[in-house]
Protein chains: 2
Amino acid sequence: MARTAGSDGGRTEAAIRDAAVQLIARHGYEAVTMRQMAAEVGVQAAALYRYFPTKEDLLHTLMREHMEELAATWDAARPANDDPVARLTSFVANHIRFHVERRHATHVSNMELRSLSRDNLTNILKLRTTYEKELRTILRDGADAGLLEVDDTGLTAMAIIQMITGVIVWFRPDERLSVDEVTATYLAMTMRLTGAKTNTEDRHVRQDAELRAR
Amino acid sequence: MARTAGSDGGRTEAAIRDAAVQLIARHGYEAVTMRQMAAEVGVQAAALYRYFPTKEDLLHTLMREHMEELAATWDAARPANDDPVARLTSFVANHIRFHVERRHATHVSNMELRSLSRDNLTNILKLRTTYEKELRTILRDGADAGLLEVDDTGLTAMAIIQMITGVIVWFRPDERLSVDEVTATYLAMTMRLTGAKTNTEDRHVRQDAELRAR
DNA sequence: GAATTAATTAAACGTCCGTTTTATTAATTG
DNA sequence: CAATTAATAAAACGGACGTTTAATTAATTC
């Protein structure tokens, strides 16, 4: 056997990425074999090497593109408005929606860092740090303007990111709550956590506008 | 070669546990081999089978004991006082201290669930759920007494747990902040997040007492 | 329609894995 | 000090792993 009827490089590569994300998210990178991923796609393991030079390179590609998409989504969602509270609202809403829509890819990006080589790890961490810096800047601006109560910008940023990323651990799209309901609750918690100075009605108006814009 | 001079079962078993926690936390369960762990202890791989019947059983033992210790620590720290805000304070302070002191074991317990068999997984999840229920009860009692503002008990509990467990991701004991300083900041964030009804001075008094008691 | 390029299979390579078996020595017991 | 038990080493087992090589067929190009 050799090239199969109807085979197409583009489609095969996309299928490999999908299979890899699903399998690695469920079983972990080290536990998943090239043969398993190939079987999911419906090809032999050797065929994967036409698209990715090594197993680790496949992992690194998945993580890099996930982080680049996250940055791009935030760039597109970032409000023209420079009010720190509005920016914080947009950041949290965008973050939750992005991660809930990509539960499996997020799991891979968060759990498999230790399987990367030094260079690949540095690469991914740089993207992550750049993204997290956005939140720190918002918190610092808000604190400077007297609109937020933030004891320690770095700690608060980490606390918020862990809180809102953690949604993917328990959230299932087909259960009790919708993404918008979850986002609203987490926004309320974030605003209280940061002591955001804005009356309740204003905040609700802004949140609703934020959610409708998506 | 055979039994070595000065060999002792108790010491060897403890050394295996330590080596396993360190190596699995750093490289992941699937990536660590029985031979690596044995080398860290200074024995051959076959010697591990005198203490643990399989690799997975070793993992499960580490996780089970970690969860049992967590429950025991909370039982000991639980305040006689039934004020929900005081209980929340104790819960957060105990949780952070416990996890910071056991960074590696916590990493193992949080990251390697997917490597467990059905039965072992069920076992660990039961322990985890029981522990998390403690926090939900505190939040519900606080909300019922009008002392906390909690929109959704389940969501708030998950948010708080992810926030305070996330400390181990970035905290390094030899850096800028002490455990007590980090705990104080996270307690302040928790109190704001739950809209705890208590004036600042009272809260500080209680937090200080909490910290001094450890 | 021949030549070229793209996509894939089949088979193999050397290595490492979790685990078992067997033998051997150290420590303890009576 | 003989008998027993505890703790280990050494070697092997079958299987799976990531990856490479070579051959083969489908699609495209000229």
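Every chain is numbered from 1, with letters handed out A, B, ... down the list of sequences. Only a predicted model underlies this, so the values are computations on that prediction, with no experimental measurement involved.
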Atom-to-atom span, CZ of R50(B) to P of dT5(D) - whole angstrom: 12 Å
With sugar-phosphate meaning primed atoms plus P, OP1 and OP2, does V32(A) contact a base, only sugar-phosphate, or nothing at under 4.0 Å between heavy atoms? sugar-phosphate
By nearest heavy atom, map V43(A) and R35(B) onto DNA chain C; which one lands nearer the 5' end? V43(A)
Let me know the distance between CG of L58(B) and P of dT19(C), rounded to the nearest Å. 10 Å
Here the distance between atom C1' of dA23(C) and atom OH of Y49(B), to the nearest Å, is 19 Å
Could you give me the CA-CA distance, side-chain angles and deciding distance for S117(B) and E56(B), then say whether side chain to side chain donor-acceptor pair (under 3.5 Å) is met? CA-CA 8 Å; S117(B) 69; E56(B) 196 206 316; 3.3 Å; yes
Distance in angstrom units between R3(A) CZ and dA10(C) P, rounded: 16 Å
Comparing P53(A) and Q36(A) on DNA chain D - which has the more 5′ nearest nucleotide: Q36(A)
How are the rings of F91(A) and Y131(A) set relative to one another: parallel (under 30°), tilted (30 to 60°) or perpendicular (over 60°)? parallel
OP1 or OP2 of dA26(C) under 4.0 Å from side-chain N/O of T4(B): no
Ion pair check, E134(B) and R78(B), cut-off under 4.0 Å: yes
Could you tell me which non-hydrogen atom of M163(B) sits nearest to which non-hydrogen atom of T190(B), and how far apart they are? CE-OG1, 3.5 Å
Measure from CZ on F52(B) to C1' on dG18(C) and round the result to the nearest Å. 16 Å
Spacing between E30(A) atom CD and dG18(C) atom C1', to the nearest angstrom: 15 Å
For a quick check of understanding: with a heavy-atom distance under 4.0 Å over all strands, which category does A46(B) fall into, base, sugar-phosphate or nothing? base
To the nearest Å, how far apart are L59(B) CG and dG18(C) C1'? 15 Å
Would you call the rings of Y186(B) and W170(B) parallel, tilted or perpendicular, taking 30° and 60° as the class edges? parallel
Could you check how far CD of Q44(A) sits from C1' of dT20(D), rounded to whole Å? 15 Å
Using a cut-off of less than 4.0 Å, is there contact between a side-chain N or O of T12(A) and OP1 or OP2 of dT8(C)? yes
